[in-house]
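All remarks here apply to the structure that follows.
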Amino acid sequence: MATPLPPPTLKLMLVDQSSQRREILEKILRDNGYTNVFSTSGLDDLFALVATVKPDVVLIELDSPKRDTLEQLREIRQRQPTPVVMFAQDQDAQTVHAAVDSGVCAYMVDSVDRVKVKPAIDLAMATFAAYRRLRNEADKYRTQLDSRKDIDLAKAMLMRHERLGEAEAHRMLRKMAMDSNRKLHRVALVVISTFKNKR
């Protein structure tokens with residue numbers, strides 16, 4: 001059974017300061033069906049390139065990741081999140097951990113061959129998707145927790161200023177939300193702001 005080809009719209013950015021090595025990997029990529037490849041030697045301005053090219057996956061081939069490269073990868077992860085595959089000769093555990101910590105989704109040791117490329121790209125994309133899901137869930141829970149804190153603070157303010165019990169304060173907040181057709185959290189923020197301004 002033939003291996004399915006990657007979608008032609010998938011844009012790869014290949015980064016390697018060795019032109020000879022870059023040409024070999026670019027040919028391997030094209031042989032694997034990756035036809036939309038932006039090739040560059042620009043490790044020094046990696047973040048700017050990613051922000052401009054907006055690739056679906058970044059592939060970096062080097063001997064060993066340097067501190068400047070890892071710093072740029074951290075910036076990419078924070079400001080322009082993109083799956084990153086790194087092909088490197090350095091198999092030191094500390095180096096691998098530093099690369100993954102910087103945002104590398106797949107760290108491949110040894111020379112690149114035709115067989116390894118597609119699984120490495122697939123792995124990077126799957127790892128990246130899992131990371132984004134976890135991050136989105138964490139952001140969602142953080143937002144829910146912040147909302148809960150604001151609602152509890154608004155209730156406490158109503159209880160203190162209006163001399164209400166907790167259940168009564170909660171009912172008042174819910175009624176205010178229904179009457180104004182706003183979410184409970186938005187009403188809680190208004191209540192907090194109102195009582196703060198009265199100080």
Side-chain angles (χ1 to χ4, degrees), residues 4 6-13 15 34 36 38 45-60 67-86 97-107 120-199:
T9 53
L10 193 70
K11 184 192 288 185
L12 305 183
M13 188 172 104
V15 186
Y34 297 99
N36 191 359
F38 176 85
D45 53 357
L46 197 53
F47 171 73
L49 278 169
V50 170
T52 302
V53 176
K54 294 181 173 54
D56 297 301
V57 182
V58 176
L59 295 96
I60 303 173
R67 179 195 244 169
D68 289 348
T69 303
L70 297 179
E71 285 299 325
Q72 290 199 74
L73 289 175
R74 283 191 188 91
E75 189 175 9
I76 290 167
R77 183 181 61 186
Q78 290 167 5
R79 298 173 54 193
Q80 189 80 33
T82 310
V84 177
V85 181
M86 185 173 283
H97 289 158
V100 171
D101 189 52
S102 299
V104 173
C105 299
Y107 187 100
I121 291 171
D122 291 345
L123 172 63
M125 294 181 73
T127 302
F128 180 77
Y131 166 76
R132 290 301 292 269
R133 278 195 302 273
L134 286 172
R135 186 171 174 177
N136 289 340
E137 285 176 17
D139 289 344
K140 177 183 168 186
Y141 291 134
R142 195 177 300 113
T143 300
Q144 288 175 348
L145 183 60
D146 289 343
S147 297
R148 185 75 258 161
K149 285 179 180 176
D150 289 333
I151 291 167
D152 287 344
L153 178 58
K155 277 197 301 186
M157 286 179 159
L158 284 171
M159 289 164 67
R160 185 167 64 250
H161 291 278
E162 303 295 333
R163 302 185 184 282
L164 301 172
E166 185 178 355
E168 291 174 304
H170 190 71
R171 277 197 297 272
M172 180 179 280
L173 274 178
R174 288 182 66 82
K175 186 175 187 312
M176 291 166 69
M178 290 175 64
D179 290 347
S180 61
N181 197 26
R182 285 188 288 188
K183 290 187 177 180
L184 194 60
H185 180 226
R186 297 299 307 165
V187 170
L189 291 175
V190 172
V191 169
I192 292 168
S193 176
T194 301
F195 283 123
K196 279 184 176 177
N197 291 335
K198 284 183 178 179
R199 286 179 180 175

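Heavy atoms only, all atoms of each residue included: Met86 and Ala99 are closest at SD-CB, 4.2 Å. Smallest separation of non-hydrogen atoms from Cys105 and Phe128: SG-CB, 3.9 Å. Residues Val84 and Ala124 share a closest heavy-atom pair of O-CB, 4.1 Å.
In terms of the salt bridge (charged side-chain N to carboxylate O under 4.0 Å, His left out) criterion, residue partners of Asp152 (sequence neighbours excluded) are, by chain and number, Arg148, Lys155. For Gln72, there are no side chain to side chain donor-acceptor pair (under 3.5 Å) partners at least two apart in sequence or on another chain. Every residue two or more places apart in sequence or in another chain was checked for a side chain to side chain contact (heavy atoms under 4.5 Å, CB included) with Met178, and none qualifies. Every residue two or more places apart in sequence or in another chain was checked for a side chain to side chain donor-acceptor pair (under 3.5 Å) with Arg163, and none qualifies. Listed by chain and number, the residues in a side chain to side chain donor-acceptor pair (under 3.5 Å) with Asp150 are His185 (sequence neighbours excluded). For Arg133, there are no salt bridge (charged side-chain N to carboxylate O under 4.0 Å, His left out) partners, not counting sequence neighbours. Legend: residues meeting side chain to side chain contact (heavy atoms under 4.5 Å, CB included) with Ala154, ordered by chain and number and at least two apart, are Leu173, Ala188, Val191, Ile192. Under the side chain to side chain donor-acceptor pair (under 3.5 Å) criterion, Asp122 pairs with Lys118, not counting sequence neighbours. The side chain to side chain contact (heavy atoms under 4.5 Å, CB included) check on Arg74 picks up Leu70, Glu71, Arg77, Asp101, Ser102, with sequence neighbours excluded. Qualifying side chain to side chain contact (heavy atoms under 4.5 Å, CB included) partners for Ser180, counting only residues two or more places apart in sequence or in other chains: Arg182, Val187. Take Lys175 and apply the salt bridge (charged side-chain N to carboxylate O under 4.0 Å, His left out) test, not counting sequence neighbours, and it matches Asp179.
A distance of 12.0 Å separates CG of Leu184 from CZ of Arg186, quoted to the nearest 0.5 Å. For the atom pair Met125 CE and Thr127 OG1, the distance stands at 11.0 Å (nearest 0.5 Å). Atom CD in Gln80 sits 9.0 Å away from atom OG1 in Thr52 (nearest 0.5 Å). Interatomic distance, Leu12 CG to Ile121 CD1, rounded to the nearest 0.5 Å: 5.0 Å.
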- Would you check, one step at a time, whether the test side chain to side chain contact (heavy atoms under 4.5 Å, CB included) holds for Val58 with Ile76? CA-CA 10 Å; Val58 176; Ile76 290 167; 5.7 Å; no
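For Glu162, the CD atom sits in a packed shell: over 12 heavy atoms of surrounding residues, nucleotides or ligands are nearer than 6.0 Å.
Inter-residue side-chain proximity for Glu75 and Gln78 is flagged as unmet; no heavy-atom pair is nearer than 4.5 Å. Val15 places none of its side-chain heavy atoms less than 4.5 Å from the side chain of Leu49.
Under the 3.5 Å distance criterion, the side-chain polar atoms of Lys11 are matched with a main-chain donor or acceptor of Val53. Checked by atom type and distance alone, the side chain of Ser193 never pairs as donor or acceptor with a backbone atom of Leu189 at under 3.5 Å.
Paired with Met13 under the rule side chain to side chain contact (heavy atoms under 4.5 Å, CB included), one option of Ile60, Asp56, Asn36, Leu46 passes, and it is Leu46.
Legend: ring pair (Phe, Tyr, Trp, His ring centres under 6.0 Å) pairs involving residues 136-173, not counting sequence neighbours, sorted by first then second residue: His161-Phe195.
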